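Have a look at the structure below, then the notes.
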Amino acid sequence: MSTLHIYNTYSRNMEEFRPLHPSRVGMYVCGPTVYGPPHLGHVRGPVVFDVLRRYLEFSGFAVRHVRNITDVGHLVGDADEGEDKLAKQARLEQIEPMEIAQAYTLSYNEMIRQMNVLPPGIEPRASGHIIEQIEMIQAVMDAGLAYEVNGSVYFDVFAYAKNYDYGKLSGRVLDDLIAGAGNESRELEGQDEKQNPNDFALWKRANPEHIMQWSSPWGKGFPGWHIECSAMARKYLGDVFDIHGGGMDLLFPHHESEIAQSTACTGHNPARYWIHHNMITINGQKMAKSLNNGITVDQLFAGNHPLLEQAYSPMTLRFFILQAHYRSTLDFSNEALSAAEKGLQRLWNAVKVARNLVASESGEYDVQALAKECRVSMDDDLNAPQVIARLFEAARVANLVNDGKMKLTATQITELNALFETWLVQILGIAPEESSDHRALDGVMQMLLDMRVQAKQDKNYALSDSIRDRLTALGFTIKDGKDGSSWSL
RNA sequence: GGUCGGAUGUCCGAGUGGCUAGGAGCUGGUCUGCAAAACCAUUUACAGCGGUUCGAAUCCGCUUCCGACCUCCA
């Protein structure tokens, strides 16, 4: 049997996955900063790491999945010097920062739920772990790798680099960073306080206009950009744990700094496997405010955006994301999304067909071999696109058997159904979408279709066509098969 | 400017030395009162140039183009 191999950004190599403790896996994934509605860029990470978590659990591991909510915010650069994103948004909306965080945490979690992403076991908030962050900062200072200036605390990158490899994760060379070519135009707040431009803040002194601030040994202030993840991961997963995940954009400085902070405290790189997913583009372009192509998830679900020709369902979005490998960029376009929607529909049709297949004495297809291939694909750095290709192969088999063009034994039919259940539903998390009032609607529709059958038997085609046409006008699709009609919306 | 990654057919997107990826679209067929849907089948590739090799989408070099990070970011 094959075993999971995964690309570790830290070593830049494919590695066999072996957890620290047999049968248990600790996984930390960087969650959202909740200062705005969830957009397409927020959705890939949760889905990718949800599939990893599901696959690990399928493989028999107990997974402790921690995904943080950043409700303290990060500093805004440039014009909004030193101001917290959450604080800024709160001021704009004239409410408490926590109201901002709460509102967008709820909408994020609602989006996650619709995408069939399993909730993490622990969802810690940065604001609820100020004490842990202060303690960690103190530990870095005790190690002699941080210094205080005017109520702010900075990490001493130079001192750290004497004993440790700063820049290994992101492939950065400290000397190059020092040269800092092309960055002269940037005027970052607090730069003059730093002993070195590459030092980063662990704690920032709060000015009166900062509406989010806490007491600390260094006076009123708020935590730096990276310390929350280090502190919370350590609290819930220990000094060293298995997986730390996030988007590639977090490689530097966020994860590089996390490694530095944690190493300063514990002497260890906190995570054994660093896993990063690639970014998304929209019509081949980076999603950016200046390009006016930022699509929120709600807009996608409602089809309510100038770039969208129609609405796409949460499962279509999930399926679309998983059709590309997690380390490749993923391009959103109407054509690609609608192709995914139709492909998913084909898959679901086959799942239904597979449930009602008639068994033969002999079989002509090795279903077990196909299931094994799914496993091999997944073990090869989570190659979900290949798993999906094999599911389409399974769909083809189901349809062929249904058409009497291929034979399967009763056992093989069971295996085929299990293959869909395991790989499509359980591991990829693509669950059929059915609304709560589906059952009642189903009854009404069945009644109409029965009437239409009667009309057809009576050769009253005017009536039967009228029923169909009026249902079509309402958005229903009527399919006439050998064994009666079916419908979909 | 520095570092890293990418360029696959009409579109999306797997694939690291020889074996049909897959989906969507197009086309043909089956089914059908008609239509639609569904199903089956089929078609179009490896950015350019050079090199290594019996053999290259895959390895090497050069060229062109694109992107990411270097600053908050998913």
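Every chain is numbered from 1, with letters handed out A, B, ... down the list of sequences. Treat the numbers as computed from the prediction; the structure is a model and nothing was measured.
Note on S464(A): a base of the nucleic acid sits closer than 4.0 angstrom, heavy atoms only. Within 4.0 Å (heavy atoms only), I280(A) reaches at least one base atom of the nucleic acid. Within 4.0 Å of N383(A), counting heavy atoms only, lie sugar-phosphate atoms of the nucleic acid but no base atom. Across all strands, F392(A) comes closer than 4.0 Å only to sugar-phosphate atoms, never to a base (heavy-atom distances). No engagement by G45(A) is indicated, since no non-hydrogen atom pair under 4.0 Å with the nucleic acid exists. Contact annotation for A336(A): backbone-only contact, meaning every heavy-atom pair under 4.0 Å involves sugar-phosphate atoms and none involves a base. Among the protein residues, M248(A) comes within range of no part of the nucleic acid, since none of its heavy atoms lies under 4.0 Å from any strand. At a threshold of 4.0 angstrom between heavy atoms, the contacts of K456(A) include nucleobase atoms, whether or not backbone atoms are also involved. G343(A) comes within contact range of the sugar-phosphate backbone alone, with a heavy-atom separation under 4.0 Å but no base atom that close.
For R468(A), counting side-chain heavy atoms from C-beta on, the closest listed nucleotide (A35(B), A74(B), G33(B)) is A35(B). Of the candidates C40(B), A14(B), C69(B), the closest approach to any side-chain atom of K286(A) belongs to C69(B). Ranking G22(B), C39(B), A14(B) by closeness to the Q323(A) side chain, first place goes to G22(B). Closest contact between the side chain of K342(A) and the listed nucleotides C40(B), G25(B), A74(B) involves G25(B). Set against C40(B), C12(B), A21(B), the side chain of R346(A) has C40(B) as its closest nucleotide. Across G33(B), G13(B), A74(B), the shortest atom-to-atom separation from the side chain of M279(A) is found for A74(B).
Here R452(A) does not reach the OP1 or OP2 of G33(B): none of its side-chain N or O atoms lies under 4.0 Å away. Contact annotation: S328(A) side-chain N/O to A14(B) OP1/OP2 distance is under 4.0 Å.
Rounded to a whole angstrom, the distance from the P atom of G15(B) to that of A7(B) is 10 Å. Comparing C46(B) with A21(B), their C1' atoms are spaced 14 Å from each other, to the whole Å. Rounded to the nearest Å, the gap between the P atom of C40(B) and that of G5(B) is 41 Å. Nucleotides U3(B) and A57(B) place their P atoms 31 Å apart, quoted to the nearest Å. Rounded to the nearest Å, the gap between the P atom of G48(B) and that of C11(B) is 15 Å. Separating the C1' atom of U42(B) from that of C4(B) is a span of 41 Å, rounded to the nearest Å. Taking atom P in both U58(B) and G17(B), the straight-line distance is 12 Å, to the nearest Å. A gap of 16 Å separates the P atoms of U44(B) and G23(B), to the nearest Å.
For the pair R67(A) and F49(A), the cation-pi test (distance below 6.0 Å, angle within 45°) is failed.
Residue side chain D465(A) reaches the base of G33(B) through a donor-acceptor N/O pair under 3.5 Å, judged by distance alone.
In this structure, M451(A) places its CE atom where only 12 or fewer heavy-atom neighbours from other residues, nucleotides or ligands lie under 6.0 Å away.
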Per-nucleotide protein contact string for nucleotides 41-46 of chain B (B base, S sugar-phosphate only, - none; heavy atom under 4.0 Å): S-----
